[in-house]
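By convention in this document, chain letters (A, B, ...) are assigned in the order of the sequence lines, proteins followed by strands, and residues within each chain are numbered from 1.
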Protein chains: 2
Amino acid sequence: MKTGTAQHRASASVTVDLTAVIVAVTDGQPRVLTVAGGTSGSAEALPSGPLARQHRTLEQGLRAWVEAQTGQSLGYVEQLYTFGDLDRQLAPPSAGGGRVLSIGYLALVREPRDRSGDAATWHDWYRYFPWEDWRRGRPDVLADIEPALSAWVRAPATAGERESRRERLGVAFGTGGGGWSEDRVLERYELAYEVGLVQEADREGAAGTAGPGVGVAMGGDHRRILATAIARLRGKIKYRPVVFELMPPAFTLLQLQQAVEALAGMPLHKPNFRRLVEQQGLVEETGAVTLGTGGRPARLVRFRREALVERPAPGLRVRARSGRRSGSRSSS
Amino acid sequence: MKTGTAQHRASASVTVDLTAVIVAVTDGQPRVLTVAGGTSGSAEALPSGPLARQHRTLEQGLRAWVEAQTGQSLGYVEQLYTFGDLDRQLAPPSAGGGRVLSIGYLALVREPRDRSGDAATWHDWYRYFPWEDWRRGRPDVLADIEPALSAWVRAPATAGERESRRERLGVAFGTGGGGWSEDRVLERYELAYEVGLVQEADREGAAGTAGPGVGVAMGGDHRRILATAIARLRGKIKYRPVVFELMPPAFTLLQLQQAVEALAGMPLHKPNFRRLVEQQGLVEETGAVTLGTGGRPARLVRFRREALVERPAPGLRVRARSGRRSGSRSSS
DNA sequence: CATGTATATACTCTCTTTGAGAATATTAAG
DNA sequence: CTTAATATTCTCAAAGAGAGTATATACATG
């Protein structure tokens, strides 16, 4: 009640920042496009820029900024989340104490054309989240950070708070029944941030590139936006055929599988993956085959757009292969 | 390249609007909280207000506004989407030609406490989207709007454009193979908007309440935000136990089923629903039973929070019952 | 030209999940 | 003591998911 009129006047000056997570898959690795500088000057950052008057739509503004900074033109674009909490904010970049709102976007492109505008470079995204790559079994970093996580759980004075932390850890990192869930990327990042395991470039006095934290830092909130993007993409892949935005016009089933594995960060069972793709009617023959693979030539297929209309949820509802190498070597 | 410096200067004045879709389920009906006025004065609108400096977080600002306007305090809150396209904007509400950014939120509450701040009222959400309620079979409105949709598909001059429209219609409304998909609410609304079937209060000269369009109009972009909310909720219900945010502390399985049916807008198969809920371990006994139901008393159960930790995706992966009454009476 | 190896593709088998219906239990009302 | 109404459980078939194994094709090497 009391807030009614007071709030009306105080609508402060706001800068809106459009930030892009641009993803591609090359040679079976998931990559993200980064620029040098960002807010701090040295740390890696995502392409971004302020919303301006001439941008008719938000997405248009994003495309303009990305093209200007990286030379990359975007295909598939999707809004992720809007960040605007004051606590998260660092030294306001010439905004004169005003608030900064960051709207994060996910963009999918086909091939990394490396030499672009200026300092844009592609990086394997697991560089920023080493604990997310389970393709060759449980990643080693997890063993390293485990003590810190356990300590964090045991830290609080009250038993209730400890239990709450245990539960949160269980959900995020799959300890405690549920098992690792590949699309809880953001929850894991947030928790790791809280624990102090990851440090960003512009705060906590960490160094520019690889501070004392786990994984490479980024400027501002960008690593969090990247985590949001990965989580979204990993979730979406299951019920929408978004992988194909990352594939060349013609590709083999193995390439497709490796792309999915790269994004999901886990190995898949080959026969089942092929069956799934084929019976979903997601691809069709091109007639051509690959050459010089060292083995039997693979058929080249292409995405079948009709699948969008036929299936209610045309995606790749993949689950991890339970192969021998993914055994947990957590505590030994 | 050319845009580089020009954009930096033109970052215009921006007003950020926080808008809430507040959902509850009472008596098996999905309801949304609306206020009179909004931007135009007469049309129904969602609770909303500008972001102010004293709001430390966006969510906090939203809660403050909702409480001030409706007296309702919020529990579960989730960000939906940020709208900011200039084309969509109407007469700028005293923003002096500046841009208005709308951040939409979804909130779930337990019981509609009706008499609140001032003019807040609860409405069945199918009032705004009559074509979305398939609980008692295919809704009649669909037959009414079908001619307009077909005409829209046939309208373009080029065959390619017609094919593209046919495909889009097929995906959204389930003509053409896929069948009706309950979570494509937004796609259907956008398409209906494009076709001219729905009209909003502040544009196209439509009347305040029930114009010539299908379903009740809302102020500004609010009906679109509501559509986004319903779509999100219908999707989320499948892999996260969000329904329980809407249930009282103790409830019967039938009440739970009816709540899910209300949200999803489709009938469910009772025995299968029960099996799903029980084997997922989502609920536990309270020991109590209902009385005076006119039949065998039902057990009262409560939500079992441990399910969050145990299951990777604890939701109600429901699909429509194909009962006799859902037969299509489209063309006869 | 035979052989080994790497890759692609096909087939089979089992176990679980899902969709649908029927059957049984428990109360209130006539 | 029947009947109606609702809650709860059981059964059964069909489809789907997970995993293992076998065969086909091309290239490299001796």
Side-chain angles (χ1 to χ4, degrees), chain A residues 27-28 179 182 238-239 250-258 260-261 264 266-301 311-327, chain B residues 28 179 238-239 250-258 260-261 264 266-301 311-327:
Chain A
D27 311 323
E182 79 278 2
K238 291 176 193 153
Y239 61 98
F251 48 87
T252 71
L253 291 180
L254 181 60
Q255 284 168 347
L256 182 65
Q257 177 179 348
Q258 283 170 343
V260 174
E261 288 178 333
M266 57 184 194
L268 303 177
H269 190 250
K270 180 151 41 165
N272 291 348
F273 178 81
R274 303 173 89 92
R275 178 177 60 187
L276 185 66
V277 171
E278 311 233 303
Q279 84 179 14
Q280 289 252 64
L282 289 172
V283 299
E284 63 190 358
E285 300 292 328
T286 63
V289 292
T290 54
L291 289 176
T293 52
R296 172 174 174 176
R299 303 165 333 180
L300 281 166
V301 296
R311 289 246 159 195
L316 294 166
R317 303 189 53 230
V318 290
R319 241 169 279 178
R321 187 186 62 199
S322 60
R324 356 179 159 61
R325 65 256 216 122
S326 70
Chain B
K238 290 174 193 155
Y239 61 96
F251 49 88
T252 70
L253 290 179
L254 181 60
Q255 285 168 345
L256 182 64
Q257 176 178 348
Q258 284 169 341
V260 174
E261 288 178 332
M266 58 185 194
L268 302 176
H269 189 253
K270 185 166 8 178
N272 291 348
F273 178 82
R274 304 174 86 91
R275 177 177 60 187
L276 186 66
V277 171
E278 310 234 301
Q279 84 180 12
Q280 289 253 66
L282 288 172
V283 298
E284 61 189 2
E285 300 292 329
T286 63
V289 291
T290 54
L291 290 175
T293 52
R296 173 175 174 176
R299 303 159 3 211
L300 281 166
V301 296
R311 288 247 161 194
L316 295 166
R317 304 191 51 231
V318 290
R319 242 170 278 180
R321 189 188 62 201
S322 60
R324 359 182 158 59
R325 64 257 214 115
S326 68

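- Residue L300(A) contributes atom CG, which lies 16 Å from atom P of dT7(C) at whole-angstrom precision.
- The distance between atom CG of N272(A) and atom P of dT21(D), rounded to the nearest whole Å, is 14 Å.
- The CG-C1' distance, from L291(B) to dA28(C), rounds to 12 Å in whole Å.
- One can place CD of Q258(B) at 12 Å from C1' of dT6(D), the figure rounded to the nearest angstrom.
- The closest donor-acceptor contact from the side chain of T290(B) to the backbone of A298(B) lies under 3.5 Å.
- In this structure, Q279(B) contributes its side chain and L276(B) its backbone to no donor-acceptor pair below 3.5 Å.
- For Q257(A) (side chain) and L268(A) (main-chain N/O), a donor-acceptor pair under 3.5 Å exists by modelled atom type.
- Using a 4.5 Å heavy-atom threshold, the side chains of M266(B) and E261(B) count as separate.
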Can you tabulate the close N/O pairs, meaning under 3.5 Å, that link protein atoms to atoms of nucleotides 7-9 of chain D?
| from | atom 1 | to | atom 2 | distance (Å) |
| --- | --- | --- | --- | --- |
| dT8(D) | OP1 | R299(B) | N | 3.0 |
| dT8(D) | OP2 | R274(B) | NH2 | 2.1 |
| dT8(D) | O5' | R274(B) | NH2 | 3.1 |

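- Atom NZ of K270(A) and atom CZ of R275(A) lie 15.0 Å apart (nearest 0.5 Å).
- For the pair E285(A) CD and dT9(C) C1', the computed distance is 12 Å after rounding to whole Å.
- Although no hydrogens or angles enter the test, the distance criterion places no donor-acceptor pair under 3.5 Å between the side chain of Q258(A) and the main chain of D27(A).
- Residue H269(B) contributes atom NE2, which lies 18 Å from atom P of dT17(C) at whole-angstrom precision.
- Computed from coordinates, the Q257(A) CD to dA8(C) C1' distance equals 12 Å when rounded to whole Å.
- Looking at R275(B), its side chain comes within 3.5 Å of the base of dG19(C) through a donor and an acceptor atom.
- Between F273(A) atom CZ and dT9(C) atom P there is a gap of 13 Å when expressed in whole angstrom units.
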